[in-house]
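Reading through the C-alpha cells given below for one structure.
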Amino acid sequence: MRALAPYMALVPLLPLVSAILLAAGGSATQQRRAALGVWPVVMACAGSVVALGLVAAGGPIHVRFYEPGAAAALAFPLGFHIDRLSAIMMTLITTVSAIIYLYSMQYMQQDRGYARFLSLLTLTDFVLLCMVSSANLLMLFVFWQLLSWLLYLLSHNRTHQATLNGAFKTFTLLRAADMAFLMGIVLAHALYGTVEFQELFERAASVPVVLSPLPGIELSGATAVTLLIFVGAMGKSAQFPMHLWLPGSLYAPTPVHAMLHAGIINAGGFLLNRLAPLYGLSPTTLHVVFAVGMLTAMLGASMMLVQNDIKKTLGFSTIGQMGYMIMECGLGAFALAVFHLIAHGIFKGTVFLNCGNVIHKVRQEPTFPHMTHDTEAPELSRLTWLTGMLTSLLMPLVILLLTHGVLRIPLWDAQGTVIFLFFIWVTSSQAILTLTRLRAVASWKVSVAMLSTLLFVVFTYLFAAEAFTHFLYPDPNEVTRYFRAAALPGPLFDGLVVGTTLLIVLGWAYLYAQAHGRTMPLPAWVQALRVRLYVLLMNRLYIDALHDRLGRGIMRVAHGLDKHSFGGSR
Amino acid sequence: MAEGLSLWLPAAVSAAGAVAGFAVWSRPAVLKVLALAVSLASLALLVASPGAAAGVSLPMLLPIAACLSLLGQPAHTDNRAAWILTLLLLGLGLSMLTVQDGMGLILSALLLIVLVALLHRYRALSISHLWQGIGIYAFGVVCLVLGLVASPPVSAMAVLAVCAMLLPLAPVHAGYVAALAGLPGNLPAFLACLLPVLGFHGLLAVLPHLPDSARDALPGLGLVGAVYGALKAMAQPRVRALLAYANLSFFSMLWWYVATMRTAPPQAVLYLAAVGLATNGLLQAWYAIRARYGDMDLRAIRGLAQPMPRFAVLFALLTLAALGLPPFGVFAGFMGLLLTPGLPLSGALAVIVLVWLTASWYFLGLLQRLLFGRHLPDLRYEDLGRTEFAALLALVLILFALGLAPARVFQPGAPTPPAQVAGGAAWNR
C-alpha cells in the first residue's frame with residue numbers, strides 16, 4: 001500500500017485534466033466533455049481518501065522536484081508535502097468540489113459559458129489542492145495568488161456592471177493582502193534563509209531575531225513574519241477590515257458561493273495551521289489573531305442580523321464563522337479551527353446549494369416561509385422565568401461541565417478549552433432560546449427535548465474534537481505549547497469571560513421577556529444607541545464607503561499628478 | 001575575437017536585411033517575409049555562437065522581440081517603414097551590445113538621433129509629450145558627446161543619464177514614453193524590449209565608474225520613479241501611454257535593485273526580459289485593436305471578450321503576466337530579486353511592494369474595461385488572424401517558460417535535480 005505514496009502527488013493534477021478537457025473544444029461537444037470531466041474530479045476525491053489513509057498509517061508523503069535552497073536561484077520550487085493536515089483538506093476540497101461539479105452540471109446547463117464555468121471550477125479545485133499540498137512557502141504563495149485571480153474570474157457574469165465592480169474589489173483587496181503575505185515570505189527568507197516549512201520552523205525556534213521597525217519598537221523575527229503572513233490570511237478568510245470583498249462577490253452563480261464558502265474561504269485557517277509551529281513562537285501574533293477573529297465574529301454576526309437578502313445574510317454569517325475560526329487559532333486551538341472549518345464548510349455548502357430552491361419557492365409562494373402567530377401572549381410568571389433560565393442557560397452549562405468531566409478534558413489548564421466551552425454554552429443557549437421565541441409549542445417540552453439532544457451532541461462533539469486534535473497534532477506537548485503561547489494575561493481573560501457572560505445573561509433576559517410579550521424598560525440612551533447601531537450595522541459600518549472614498553482619493557492624486565506633471569495626458 | 005564576431009555577424013545581417021528591404025519595397029508581403037527571415041537568421045547566428053552554451057542572453061532577446069513583433073503585423077504598405085526600421089534598430093542594438101567605450105557611445109548617439117528623427121517624422125500622430133521626448137533624446141546626444149570628450153566622473157554621469165533615458169527612469173523618461181506612445185506599426189512593441197536592454201547593458205558598464213554620491217542617490221530615484229510611474233499609469237486613458245508608464249514603474253524597481261545591490265544577477269536579467277516581452281505582447285495586442293478601429297481612447301471600446309474570444313484569452317494572459325502573477329516570468333523575476341540574499345530590509349522594500357500592488361489596479365482596470373461589459377453593437381468585430389494569434393501565443397508561452405523554468409532557460413547546462421520522494425518523516429500535522 002505504501003508503494004502508492006509517490007503517486008499521491010498526482011491527485012492534485014486530476015482536476016487539471018478536467019479543466020483542460022472542458023476548456024478545449026466547441027459548444028457542440030460541451031455536454032459530453034462535461035460528463036467526461038466528472039471522472040477525474042471523482043477520482044481526485046477517491047485519491048484524497050486513499051492519501052488520508054496512507055498518511056494516517058505511515059506518515060507524510062514528500063515528493064520534491066527541486067533542490068532545497070533553490071528558491072532564490074531561478075527555479076520554481078515544485079514539490080508536494082502531504083501530511084495529515086493536507087490530506088484532510090484535500091479530502092474536504094475534493095468531496096465538496098465533486099458535489100458542486102455534479103450540481104453545476106444541471107444548474108448551469110443552459111448558460112452560455114457552461115464549459116468555461118465548469119473548467120474554471122475544476123481549475124480552482126486544482127489550485128486549492130496544490131496549495132494545501134505545497135512543499136514550501138513559496139509554492140503555497142504561488143497558488144495562493146492564483147486563487148485570488150480565479151475568484152475574479154469565477155464572478156462569471158461579465159456583462160453585469162455590479163458583478164464586475166464586485167470582482168474588481170475582490171481581486172484588488174485580495175492582492176493587497178497577498179502583498180503582505182509576500183513581505184512575510186521575503187522577511188522569513190531574509191531572517192532564516194529558507195522557505196522550506198520544516199527548516200523555517202527549526203531555524204525560527206533556534207535563532208531568536210529581534211527587529212526594530214521603528215525607534216523604540218522591538219519585535220521578534222517570528223512575530224514580524226507571522227503578523228505579515230496573517231494579513232494574507234485575513235484577506236482570504238474575510239477578516240475585518242478585509243472582509244469587504246465577500247459581500248461584493250455575491251452576484252456570482254450559486255455553485256461559486258458553495259465553493260467559496262465551503263472551500264476557498266478556509267484558506268486562512270489552513271495557512272495558520274500549516275504555519276502553527278511558527279505562530280506558536282509568537283504570543284503577540286496569537287493575541288492579535290484572537291482580537292481580529294473576535295472582532296470579525298462579532299461584527300459579522302451583527303451585520304448578518306440586519307441583512308434583508310438571503311445570500312448576503314449567508315455571506316455575513318460566513319464572515320462571522322470565519323471570525324470564530326481565526327479566533328480559535330488565536331487561542332492556540334489550531335486543530336479545533338480545522339474541525340470548525342470542515343463542519344462549517346459542509347454546512348454552508350449545503351445551505352448555499354439549497355438557497356436557490358428557497359428563493360424559487362418564495363417567488364412562487366409569497367406566504368413562504370409559513371408563520372404561525374399566537375394572538376395571545378404567554379404568561380410570564382416567576383416560574384416561567386426560572387424554568388426558562390434553568391433550561392436555556394444553566395442546564396446546557398451543567399451538561400457541558402459534566403461532559404468535560406466524563407471525557408477527562410482538563411478544563412482549567414488552558415484558556416482555549418474554557419473559551420471552547422463558552423462557545424458551546426452560548427450557541428446551545430441561543431438555540432433553545434430561539435425555539436422558545438418561536439412560540440409554536442410549549443417551551444418546556446421543546447427545552448427538555450432539546451436538552452437531551454444537547455447532551456448527546458455535546459458529548460459527541462467534544463469527543464470528536466478531542467479525537468481530531470489528537471489525530472492532527474499527535475504530540476500532546478505541541479498542543480499544550482500552543483495553548484500556553486496563546487494564553488492571555490489572567491485578569492484580562494477573567495474580565496473578558498465575566499463581561500461577556502454578563503452581557504449574554506442580560507441579553508437573554510431581554511429577549512426572553514420579549515418572547516413572552518413583555519417589554520423591558522430601557523434607558524433612553526440605550527434606545528438611541530440601539531437605533532444608531534442598527535443604522536451603522538445596516539450600512540456595514542460605512543467601511544465600504546470609506547474604501548470607495550480611499551480609492552477615489554488615490555485616483556484624484558493620480559489624475560492631479562498627471563495633469564500637472566511633465567507629459568500629462570489629455 | 002570569435003565572441004565579438006559572433007555578435008557583429010547578426011548585427012551585420014540585420015543591417016544588410018534593412019538595406020535589402022528597399023529592393024522589395026513595392027511588395028509588402030515579401031518585405032514582411034524578408035524581415036522575419038532576417039530576424040530569425042540573426043537569432044540563429046546568436047544561438048550558434050560559441051557563447052550560447054551559457055543559455056539565453058540579452059542579445060538573443062532582441063531578435064526574438066523583433067521577430068514576434070513583425071509576425072503579427074498585417075502585410076500592408078503603411079507598415080513597411082516600421083519593418084525596415086525594426087531591422088535597422090536590431091542591427092544597431094546588437095552592435096551596441098558588442099562594442100565598448102567610444103564606439104559604443106557613437107552608436108548610442110546614432111540610435112538617439114534615429115529616435116529623434118522618428119519622433120519628429122511621426123509627430124502628426126503625436127500626443128502632448130512627444131516634444132518632451134524629442135528634447136530628452138536630443139539632450140541624450142549632448143550627454144553622449146560629453147561622455148566622449150569629458151573625463152570621469154563627468155563622462156560616467158553623462159552616460160548614466162543616457163542609460164536612464166533607455167531603461168526609463170524619472171525624470172528623463174519622456175523619450176521612452178513618447179516612443180512607445182507615438183511611433184507607428186510594430187516599432188513600439190520592439191522598442192519596449194530594445195531600449196531597456198540597451199539601457200541595462202550600459203548601466204552595468206557604467207555603474208563601477210560612478211562616484212559614490214551618485215550611486216547612493218540612484219536607489220532613491222528608482223523609488224520615486226516607481227511611485228511616479230505607477231500613479232501616472234493609473235491616470236492614463238490611452239493604452240500605449242498606460243503601458244509606457246507601467247514600464248517606467250517596473251524598470252524603476254530594477255534601477256532601485258541594481259543600485260542597491262550594485263550587481264545584476266540572472267534574476268535581474270529575467271525580470272528585465274519578462275517585463276519587456278510582456279509589454280511587447282500587450283502593445284501588439286493593442287495594435288490588433290488599433291488596426292481594426294483606429295487609435296482610440298479606452299473609454300470608447302469595451303466588451304471584447306464575447307465577440308473576440310481568442311484575443312480576450314491571450315490579452316488576459318499577457319495582462320496577468322504583466323501585472324506579475326504566477327506562473328509567468330515577471331513574477332519569477334520579481335521573486336528572484338526580492339529573495340536575493342543580502343537585500344536590505346527597509347522601508348524602501350515596502351514601497352516597492354506597494355508599487356507592485358498598484359500594478360494589479362491599473363492592469364486589471366485595463367483588462368476589465370477592454371474585455372468585459374456589454375460590447376458595442378455598432379462595431380464590426382473580427383477576432384485575431386492566424387499570424388496575430390501565433391505571435392501573441394508565442395509570447396505567452398515564452399513568458400510561461402520564463403516563469404516555470406527560468407533556470408532551464410538561462411542555464412541549460414545545469415543538471416536537473418532528481419525527483420525526491422520521502423515518507424514517514426517526523427513532521428506530520
Side-chain angles (χ1 to χ4, degrees), chain A residues 2 5-6 55 58-67 70-76 83-86 138 142 145-146 149 152 158-159 161 164 168 171-172 175-176 179 182-183 186-187 189-190 193 195 197-198 273-274 276 472-474 554-555 557-559 561-562 565-570, chain B residues 127-129 132 171 174 177-178 228 231-232 234-238 241 266-267 270 303 305-306 320 325-327 331-332 335-336 338-341 343 345 349-350 353-354 356-357 360-361 364-365 368 371-374 403-407 410-411 417 419-425 427-429:
Chain A
R2 194 67 196 169
V55 297
I61 300 161
H62 201 80
V63 181
R64 196 165 60 194
F65 300 97
Y66 64 98
E67 290 293 342
L74 293 182
F76 181 76
D83 59 2
R84 290 180 177 185
L85 175 64
S86 299
L138 192 57
V142 164
Q145 289 182 93
L146 287 177
W149 172 243
Y152 175 80
R158 288 173 210 134
T159 51
Q161 196 52 45
L164 286 175
F168 189 86
F171 185 71
T172 46
R175 282 296 280 173
M179 288 305 105
L182 169 69
M183 285 292 284
V186 172
L187 189 61
H189 189 265
V195 286
F197 289 124
Q198 196 165 2
N273 263 274
R274 172 54 81 221
L472 210 54
Y473 293 87
I554 294 171
M555 284 311 290
V557 170
H559 283 293
L561 181 75
D562 186 46
S565 71
F566 188 55
S569 60
R570 288 174 185 167
Chain B
I127 47 174
S128 63
H129 44 268
Q132 288 133 2
V177 175
Y228 175 78
L231 286 172
K232 287 282 281 187
M234 288 167 87
Q236 300 308 310
R238 289 185 170 266
Q267 40 270 56
L270 167 66
Q306 201 186 320
L320 284 194
L325 269 185
F331 171 76
M335 283 309 289
L338 293 190
L339 297 182
T340 311
L343 187 73
L345 296 170
L349 195 61
V353 172
L354 271 177
W356 185 257
L357 168 66
S360 301
W361 192 335
L364 189 72
Q368 191 160 297
L371 300 187
F372 302 143
R374 290 194 184 281
L404 278 188
F410 286 96
Q411 297 152 355
Q420 297 167 41
V421 181
W427 185 50
N428 190 12
R429 189 98 324 110

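Residue numbers start from 1 in every chain, and the chains themselves are labelled A, B, ... in the order their sequence lines are given, proteins ahead of strands.
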Region of L364(B) in contact with chain A, defined by heavy-atom distances below 4.5 Å: both
R84(A) vs P60(A) side-chain heavy atoms within contact, under 4.5 Å: no
Nearest-0.5 Å distance, CH2 of residue W361(B) to CE of residue M555(A): 7.0 Å
Reported CG-to-CZ distance for the pair L146(A) and F331(B), which is rounded to 0.5 angstrom: 8.5 Å
Side-chain heavy atoms of Q236(B) within contact of V177(B), under 4.5 Å: no
Contacting moiety of F171(A), where chain B heavy atoms sit under 4.5 Å: side chain
Side chain / backbone / both / neither for A350(B) at chain A, heavy atoms under 4.5 Å: both
Exercise: do Q145(A) and R175(A) side chains pair donor with acceptor under 3.5 Å: yes
Which atoms of A190(A) approach chain B - backbone, side chain, both or neither, heavy atom under 4.5 Å: side chain
Any side-chain heavy-atom pair of F372(B) and L164(A) under 4.5 Å: yes
Engaged part of M183(A) at the chain B interface, taking heavy atoms whose separation is under 4.5 Å: side chain
Toward chain A, the part of L349(B) with a non-hydrogen atom under 4.5 Å: both
Heavy-atom pairs under 4.5 Å with chain A, option from L345(B), L354(B), L325(B) with the top count: L325(B)
